[in-house]
Protein chains: 2
Amino acid sequence: MARGVGRDHEGKRTAIRKGAAGYFAQHGFDRASMAGAAKACGVSKALVYHYYDSKEALLFDIVNAHLTELVDVVEAAENDGVRGLIGAILLAYADADAEHKLQLDALGVLDDDMRAPLVALQRRLVVILSTALADVAPDLDKQRLHATTMSVFGILNWYYMWHRPNKGLSRAEYSELAADFVLGGLRAL
Amino acid sequence: MARGVGRDHEGKRTAIRKGAAGYFAQHGFDRASMAGAAKACGVSKALVYHYYDSKEALLFDIVNAHLTELVDVVEAAENDGVRGLIGAILLAYADADAEHKLQLDALGVLDDDMRAPLVALQRRLVVILSTALADVAPDLDKQRLHATTMSVFGILNWYYMWHRPNKGLSRAEYSELAADFVLGGLRAL
DNA sequence: CACAAAACCGACCGTTCGGTCAAGAGTATT
DNA sequence: AATACTCTTGACCGAACGGTCGGTTTTGTG
């Protein structure tokens, strides 16, 4: 009888995921075409549909894989305090700018079934960072803690919007500056 | 002989701009269709093309009008310090969330000719805020000042992403919290 | 080797979208 | 009243896109 999946099925899937992530992030998910994504990966469009059911399924897999790894890293730094968490988020995924950008697109494009698990992963990040912030500023009420947490995420997420590789501060330098800034800000609340 | 523009040309143009801004922001510029935008404004698609040359021209006008007003408000608060500027940005355009969101889309969608003047307006905001920050933290070198400025914009711009009207802190309360946070952060740099 | 399923592709299809057009209705000027 | 221009519309068009299909090649298994 027959055969299972091919030799390197998961590897090729990952290659498509990575290639498509760069292409999607560069052009924006909506403007990016599946034909273009396939060409960026060096394969035919039909092959992409062999590995993925739809354009949205591909986007989901990209962001889901990224967020899952990010949660792992952040959970590993859970006890390293605010500075450790900021460093983990900014440094650990230095090569995942594309995936990080797409994360923002995804929430506005995916339907609820696919968005929900991504939001759940994001919420885990929020809870971890929020807890670390509360340790430093234990007097904050719930609403203010939440607003502060989202402000910190604003700083971190915005980084991918304005930072240009090999220009200005290095990632490590910015990580220290951001941590100083956040910790100083917490003291003032 | 003939006649000039109609009685309320500019008013109707503004109505289309406002209506389309809401529709575009809700669905995302790329996914939003001109037919849908026209319906949201209660007019035909052909009429929108009577007032605007293209979908991009409409987006440009929306964002350009918004940024122009924002620059006016911020310049008026130029001498009110960091707290005044943060308050101006967050409060003055409480009803322009849609336009503010579109501002982000626009940079990735418009071609250079149209993007350039918008970037120029944004740069004026950056310079004003950057100057105010430098007053509070005069020892920051240029690179760190720029990174800090963008971090503050991250806080402010992110607000439109997570804030839900009539939930959590009011805009005014958050404005104070954000100012406290930023000023505290500056002291720590 | 035989053979069935996976891997892969070029061509194609239905739909949607940005944009155009021809024509009618309304209105300020002469 | 005549005119010339704006305002407004429904119908239409070509292009691009997401997705499918029929078929060929490759590869693991018995």
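Throughout, protein chains are lettered first and strands after them, A, B, ... in sequence-line order, and every chain is numbered starting at 1.
Atom pair A:L59:CG and D:dG18:C1' shows a separation of 14 Å (rounding to whole Å applied). Rounded to an integer number of Å, the gap from CG of A:D53 to C1' of D:dT20 is 13 Å. When the P atom of C:dC17 is taken as reference, atom CD of B:E56 falls 15 Å away, rounded to whole Å. With rounding to whole Å, A:D8 atom CG is found 14 Å from D:dT27 atom C1'. Rounded to whole Å, the distance from NE2 on B:H27 to P on C:dT16 is 15 Å.
Taking the six-membered ring where the residue is Trp, A:Y159 and A:Y174 present parallel rings, their angle staying beneath 30° rather than reaching 60°. Ring geometry, A:H100 versus A:H66: the interplanar angle exceeds 60°, so the pair is classed perpendicular (tilted spans 30 to 60°). Aromatic ring orientation, B:H146 versus A:W162: perpendicular (interplanar angle above 60°, classes split at 30° and 60°).
Heavy atoms from other residues, nucleotides or ligands lying under 6.0 Å from CG of B:D53 number 12 at most.
A sub-4.0 Å separation between OP1 or OP2 of C:dC8 and a side-chain N or O of A:H50 is absent. Between B:Y51 and the phosphate of D:dT8, there is a side-chain N or O to OP1/OP2 separation shorter than 4.0 Å. OP1 or OP2 of D:dT6 has not a single side-chain nitrogen or oxygen of B:H9 nearer than 4.0 Å.
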Given protein heavy atoms under 4.0 Å, the one-letter contact record of nucleotides 10-17 of chain D, with B base, S sugar-phosphate only and - none, is simply B------S

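Residue B:Y52 is out of contact with every strand shown, counting any heavy-atom pair closer than 4.0 Å.
Salt bridge annotation for B:R171-B:D97: present, with a cationic side-chain nitrogen under 4.0 angstrom from a carboxylate oxygen. By the 4.0 Å N-to-carboxylate-O rule, B:E99 lies too far from B:R17 to be salt-bridged with it.
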